[in-house]
Protein chains: 2
Amino acid sequence: MATLSQIARLAGVSVSVASRVLNGDPKLRTRPDTRDRVLKAAKDLNYTANYAGRALRLARSKALALIIPAVSSPLFADLLSGATEAAEAQEYTLLIGRSDRITAGSDTLRRLVGEGRVDGFLLQRSDDLSDQALENLVANDARIVLVTSRTPGRRGSVILDDVAGARLATEHLVSLGHTRIGLIGGVPSSDIARRREQGYALALHEANLRRREAWVRRLGYSPEMAAAAMESLMATDPRPTGVVVANVNGAIGALTALRRLGIDVPGEMSVVAYHDEWVAEHTWPPLTTVKMPYYQVGVQAVQSLLSQLSGSPPQDVVVRDPAPLLVQRMSTAPPPPRP
Amino acid sequence: MATLSQIARLAGVSVSVASRVLNGDPKLRTRPDTRDRVLKAAKDLNYTANYAGRALRLARSKALALIIPAVSSPLFADLLSGATEAAEAQEYTLLIGRSDRITAGSDTLRRLVGEGRVDGFLLQRSDDLSDQALENLVANDARIVLVTSRTPGRRGSVILDDVAGARLATEHLVSLGHTRIGLIGGVPSSDIARRREQGYALALHEANLRRREAWVRRLGYSPEMAAAAMESLMATDPRPTGVVVANVNGAIGALTALRRLGIDVPGEMSVVAYHDEWVAEHTWPPLTTVKMPYYQVGVQAVQSLLSQLSGSPPQDVVVRDPAPLLVQRMSTAPPPPRP
DNA sequence: GGGGACTGAACAATCGTTTTTTCAGGGCTC
DNA sequence: GAGCCCTGAAAAAACGATTGTTCAGTCCCC
């Protein structure tokens with residue numbers, strides 16, 4: 001590739017002038033034709049600034065790392081799209097890492113920043129990564145924003161309005177006439193799970209419905225865990241007539257469990273899931289879900305990180321726009337008549 | 001972060017010695033205690049070599065880009081895992097891009113290499129990216145390996161044994177007693193689709209079964225396209241009793257279509273899919289699939305690219321190990337008795 | 001016509017590594 | 001004891017870009 005000095009030689013100017021013209025330095029005074037010669041030379045030689053040279057000089061890599069668990073979830077795509085687009089808009093590149101590969105002792109994250117490969121992180125932690133473990137993972141002064149999660153520390157974060165989302169899901173069951181509503185939630189140590197449960201509780205409370213601990217499960221979001229949770233939920237007496245599953249992938253597992261048990265959905269049991277994704281349309285029955293603005297979380301997270309990089313203090317933001325949206329499909333219906 | 005010159009100062013040596021000790025330069029002669037001092041200093045200061053400095057000097061970024069369409073498919077996860085692990089093993093980092101965002105006129109790929117951000121590409125093209133368009137996208141001398149696809153040009157490639165996989169799927173239906181077997185394949189312009197169709201044809205031929213063009217659809221791999229294909233297939237007379245769907249995501253759509261039509265699976269119609277993913281276990285009925293070694297494709301692709309980077313000529317490799325594996329679930333059964 | 005202000009551009013330092021070249025000193029040989 | 005070789009390390013150049021400083025020429029004013 002062409003270098004700046006080649007441009008300069010071709011245009012008959014010094015490197016510094018070439019650089020300044022190409023960067024649009026406002027402090028540079030130049031004759032129009034000099035400018036034009038540089039621009040033309042750059043175009044002819046198909047110039048793009050060498051990344052390493054620039055990064056070295058500026059001590060900025062203009063790259064961000066997005067660290068995610070469970071890349072296999074289609075949900076991930078929305079987040080990635082948002083983050084990618086926001087990053088590209090600011091001429092940043094995005095690196096993807098998997099947080100399930102980042103064990104407690106690993107120094108992958110430290111090194112990424114230490115080597116100057118990235119300027120900061122977007123980190124969606126897996127549910128079993130404690131606040132403490134998180135702090136051990138990254139350098140103290142690392143720029144980082146937590147995605148869909150929070151930490152007591154002074155790190156930035158961008159989260160969904162989990163309370164509102166879970167509440168909307170629960171309210172949907174309430175409005176169908178359900179009075180015995182269960183929850184298949186995340187593990188108790190996760191702040192996300194706690195917020196979703198809060199939304200669930202809130203909706204029940206407002207509907208004057210009794211909240212029974214026996215109808216709540218907190219095993220996690222994977223299809224397998226949610227399936228197990230659903231099975232144990234079905235063994236309660238009386239059992240719920242509707243269940244809120246705090247993650248769509250879990251809901252898919254839950255449907256499988258119900259099918260195994262021979263329980264008709266939505267005839268005997270309604271299922272509504274937090275989060276929407278294309279697969280939800282193709283389950284049987286197609287899942288009623290609450291669509292959350294995951295794409296915007298990606299966008300917002302990048303912006304938040306970028307503003308942190310330019311000196312602003314870390315902030316905790318909640319994405320409320322667009323609002324959680326109920327996507328009604330076929331897995332919910334009024335409860336069966338009382339026997 | 002600590003720089004080399006800080007290490008050198010602390011150890012009381014010159015920068016060059018520090019660098020060579022830390023890189024294990026075999027040509028360096030040094031007293032053991034000098035070595036030790038450098039090593040200790042590096043450890044004390046928690047040194048990691050600055051990435052930009054090194055990249056600038058070596059003219060190598062030690063980064064690769066993986067460009068993929070449809071990040072939303074869980075299939076993607078396997079490929080990514082393989083590629084990531086292989087890359088990390090060689091101390092390369094991986095950048096993820098979406099090929100559906102890379103339009104014909106875009107110079108994203110050129111720039112990535114032009115700026116020296118990455119040393120080469122792994123590119124899984126979307127089905128509608130022609131050989132010509134591909135060549136326009138990347139610089140002539142770009143190091144690139146095509147993933148699961150080939151091009152007539154002199155680019156490297158790593159592909160699955162599509163023929164064997166599709167053949168295995170078809171043979172499964174044959175062995176169940178089906179004689180009227182359809183195919184829902186990819187678009188005709190795709191080399192992948194052609195190979196899978198070839199495997200299908202081969203299996204039919206070997207079973208002495210007639211191949212009817214009316215039972216073949218070539219609309220593409222998306223759930224929607226495959227659903228449309230399935231519907232039109234069901235309108236043929238006589239209609240097939242079993243269908244090979246050349247992509248698991250398509251098969252999910254196909255099941256939805258059959259459900260809409262009120263056709264019992266597998267009672268009236270058997271469905272077997274190329275590729276396996278976790279969602280296949282949770283459809284109704286759970287999908288019988290052929291699991292392909294996607295993870296190994298990721299590994300192999302990285303290795304292939306790396307060897308190309310170190311001077312070897314591009315190669316076309318077919319991943320045959322592990323061999324395609326039939327994962328029998330519940331979407332296939334013997335054909336219904338002739339009326 | 002001499003001095004100051006301004007214009008338009010070159011010079012030069014710097015970022016952190018790697019690597020070739022140079023060099024000082026000590027010990028050995030003859 | 002002069003020359004040589006060897007050891008162990010320092011010096012220096014280079015990668016490509018950015019940016020503060022310097023500088024040569026021109027114009028204008030008095």
Side-chain angles (χ1 to χ4, degrees), chain A residues 1-39 41-42 45-63 91 111-119, chain B residues 1-39 41-42 45-63 91 111-119:
Chain A
M1 285 300 303
T3 75
L4 205 47
S5 65
Q6 291 173 26
I7 305 293
R9 201 176 321 136
L10 184 58
V13 297
S14 71
V15 223
S16 55
V17 171
S19 169
R20 293 171 136 126
V21 166
L22 294 173
N23 287 322
D25 182 346
K27 283 183 303 206
L28 173 69
R29 284 168 315 212
T30 173
R31 270 191 293 255
D33 67 302
T34 314
R35 247 183 78 79
D36 291 348
R37 263 180 301 137
V38 171
L39 259 22
L45 266 50
N46 195 11
Y47 173 76
T48 47
N50 177 277
Y51 165 69
R54 177 174 277 169
L56 179 57
R57 174 65 222 243
L58 299 180
R60 272 299 179 86
S61 66
K62 292 210 100 181
E91 306 200 298
R111 284 198 27 191
L112 237 35
V113 156
E115 293 177 340
R117 259 184 201 270
V118 301
D119 296 331
Chain B
M1 285 301 303
T3 74
L4 207 46
S5 66
Q6 291 173 26
I7 305 293
R9 200 176 321 135
L10 184 59
V13 298
S14 70
V15 222
S16 55
V17 172
S19 168
R20 295 167 73 179
V21 164
L22 294 173
N23 287 322
D25 182 346
K27 283 182 302 203
L28 173 69
R29 285 168 314 211
T30 172
R31 270 191 294 255
D33 68 300
T34 314
R35 246 184 79 79
D36 291 349
R37 263 180 300 136
V38 171
L39 259 22
L45 266 50
N46 196 10
Y47 174 76
T48 46
N50 176 276
Y51 165 68
R54 177 173 277 170
L56 180 56
R57 173 64 221 239
L58 299 180
R60 272 299 180 87
S61 66
K62 292 210 97 180
E91 307 201 299
R111 285 200 23 192
L112 236 35
V113 157
E115 293 177 339
R117 259 185 202 269
V118 302
D119 296 331

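Note on naming: letters A, B, ... go to the chains in the order of the sequence lines (proteins, then strands), and numbering restarts at 1 for each one. None of the values given here were measured: they were computed from a predicted structure.
- Heavy atoms of T3(B) sit under 4.0 angstrom from primed sugar atoms or phosphate atoms, though from no base atom.
- Atom-to-atom, CG of L4(B) to C1' of dC15(D) comes out at 16 Å; the value is rounded to the nearest Å.
- Here the shortest heavy-atom pairing between L45(A) and Q6(A) reads CD2-CB, 4.0 Å.
- Each of dA10(C), dT19(D), dT17(C) was ranked by its minimum atom distance to the side chain of S14(A); first place goes to dA10(C).
- For residues 3-24 of chain B, the salt bridge (charged side-chain N to carboxylate O under 4.0 Å, His left out) pairs, not counting sequence neighbours, are R20(B)-D25(B).
- Closest approach of V17(B) and L28(B) over heavy atoms only: O-CD2, 4.3 Å.
- Put simply, CD on E115(A) is 13 Å from C1' on dG16(C), counting in whole angstrom units.
- The shortest non-hydrogen separation linking T3(B) to Y47(B) is C-CE1, 3.8 Å.
- Side-chain atoms of D119(A) do not come within 3.5 Å of backbone N or O of R60(A) as any donor-acceptor pair.
- Closest contact between the side chain of A49(B) and the listed nucleotides dT20(C), dA17(D), dT17(C) involves dT17(C).
- Atom CG of L56(B) is separated from atom C1' of dA13(D) by 13 Å (rounded to the nearest Å).
- Between the CD1 atom of I7(B) and the P atom of dA10(D) there is a distance of 15 Å, rounded to whole Å.
- Rounded to whole angstrom, the span from the CG atom of D25(A) across to the C1' atom of dA9(C) amounts to 13 Å.
- DNA chain C lies under 4.0 Å from at least one heavy atom of each of the following residues of residues 28-36 of chain A: R29(A), T30(A), R31(A), T34(A).
- Both T48(B) and S16(A) lie near DNA chain C, and the one whose nearest nucleotide falls closer to the 5' end is S16(A).
- Straight-line distance from the CZ atom of R60(B) to the C1' atom of dT19(C): 17 Å, rounded to whole Å.
- Here dG16(D) presents its P atom at 11 Å from CZ of R9(A), a figure rounded to the nearest Å.
- If you measure from atom CG of L58(B) to atom C1' of dC15(D), you get 9 Å, rounded to the nearest angstrom.
- Minimum atom distance to the side chain of R20(B) is reached by dT20(C), of the listed dT20(C), dT17(C), dG20(D).
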